Amino acid sequence: MMLSDYIPGNSLIHRLPPGLKILALALLGTLLFVFPRLESTLTALLLVMLFYPLARISPRIMLLQLKPLLWVLALLFAVQWWMVSWQSGVLVIARLAALLLMAALVTLTTRTTEMIDALERGLFWLRYLRINPAKVSLALSLAMRFIPVLAAIVAEVREAQKARGLDRSVIAIAIPVIVRTLKMADDIAAALEARAYDPRLRPERSDAEKVRGS
């Protein structure tokens, strides 16, 4: 199963309005950076982890959300420990883990169409700036969906460079990741353009989707 694919369900988390879940993610990210305290960050991480069983999502799937970034978290912890302190290292990785798990939980329990609709309604004020809220909401929802994909790309590149003895070189990992990410973005843009996709003209859900969502 691809990381952060929508998992159909009827849990309390699934039934929450998509806008409320997105708002909770934004609020969590804001609070974690406004109040950079180790105790509050670890508490937030624990609460996010408790949301997974509440959403009836197995611990294995929860851990899969972090697996592609384990080496990044380990590297950040080592750098912070060396430059500041081990407490700072724990703070940084706990903050990132909480944000990643919360973003993954939103995508695991929210259909893409519902997420785009919620973002579009929340960004209605962009019309006064002559910006199309539908396009912005599509871009934001795609960004959230592709966070795990980018993490997987980083893991794949690192494994390939490890075979060449270059897994400790930041440049040897960063350049292929950037190239693959830009190519993926071009491919997606070309696919949307070839289909004349307009986010304002999304098709209705299929009967199968309606049955699963009921």
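Since the model is a prediction, treat every value here as computed from it, not as a measurement.
Note that the CZ atom of Arg95 and the CG atom of Leu73 stand 12.5 Å from one another [nearest 0.5 Å]. In this structure, the separation between CG on Leu100 and CG on Leu105 is 11.0 Å, given to the nearest 0.5 Å. Note that CG of Asn10 is 5.0 Å distant from CZ of Arg15, once rounded to the nearest 0.5 Å.
Within the structure, side chain to side chain donor-acceptor pair (under 3.5 Å) pairs that include any residue of residues 44-54 do not occur (at least two apart or interchain).
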Side-chain donor-acceptor pairs under 3.5 Å in residues 84-94, sequence neighbours left out?
from	atom 1	to	atom 2	distance (Å)
Ser85	OG	Gln87	OE1	3.3
Ser85	OG	Ser88	N	3.3
Ser88	OG	Gln80	OE1	2.7

Using atom types as modelled, flag every donor-acceptor pair under 3.5 Å from a side chain in residues 38-50 to any protein atom, sequence neighbours excluded.
from	atom 1	to	atom 2	distance (Å)
Ser40	OG	Arg37	O	3.0
Thr41	OG1	Arg37	O	2.8
Thr43	OG1	Glu39	O	2.8

Using atom types as modelled, flag every donor-acceptor pair under 3.5 Å from a side chain in residues 20-35 to any protein atom, sequence neighbours excluded.
from	atom 1	to	atom 2	distance (Å)
Lys21	NZ	Ile13	O	3.2
Lys21	NZ	Thr109	O	3.0
Lys21	NZ	Thr109	OG1	3.3
Lys21	NZ	Thr110	OG1	2.8
Thr30	OG1	Ala26	O	2.9

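By the ring pair (Phe, Tyr, Trp, His ring centres under 6.0 Å) test, Phe77 is found to be paired with Trp81, residues two or more places apart in sequence or in another chain being considered. Listed by chain and residue number, His14 satisfy the side-chain hydrogen bond (donor to acceptor under 3.5 Å, both in side chains) test with Ser11 (two or more places apart in sequence, or in another chain). Scanning for side-chain hydrogen bond (donor to acceptor under 3.5 Å, both in side chains) contacts around Arg180 gives Glu156, with sequence neighbours left out. By the side chain to side chain contact (heavy atoms under 4.5 Å, CB included) test, Trp82 pairs with no residue at all, sequence neighbours left out. With sequence neighbours excluded, the residues satisfying side chain to side chain contact (heavy atoms under 4.5 Å, CB included) with Arg121 are Asp117, Ala118.
Placement of Leu108 and Leu63 in two distinct hydrophobic clusters is found when ILVMFWY residues are connected by side-chain heavy-atom separations under 4.5 Å, directly or transitively.
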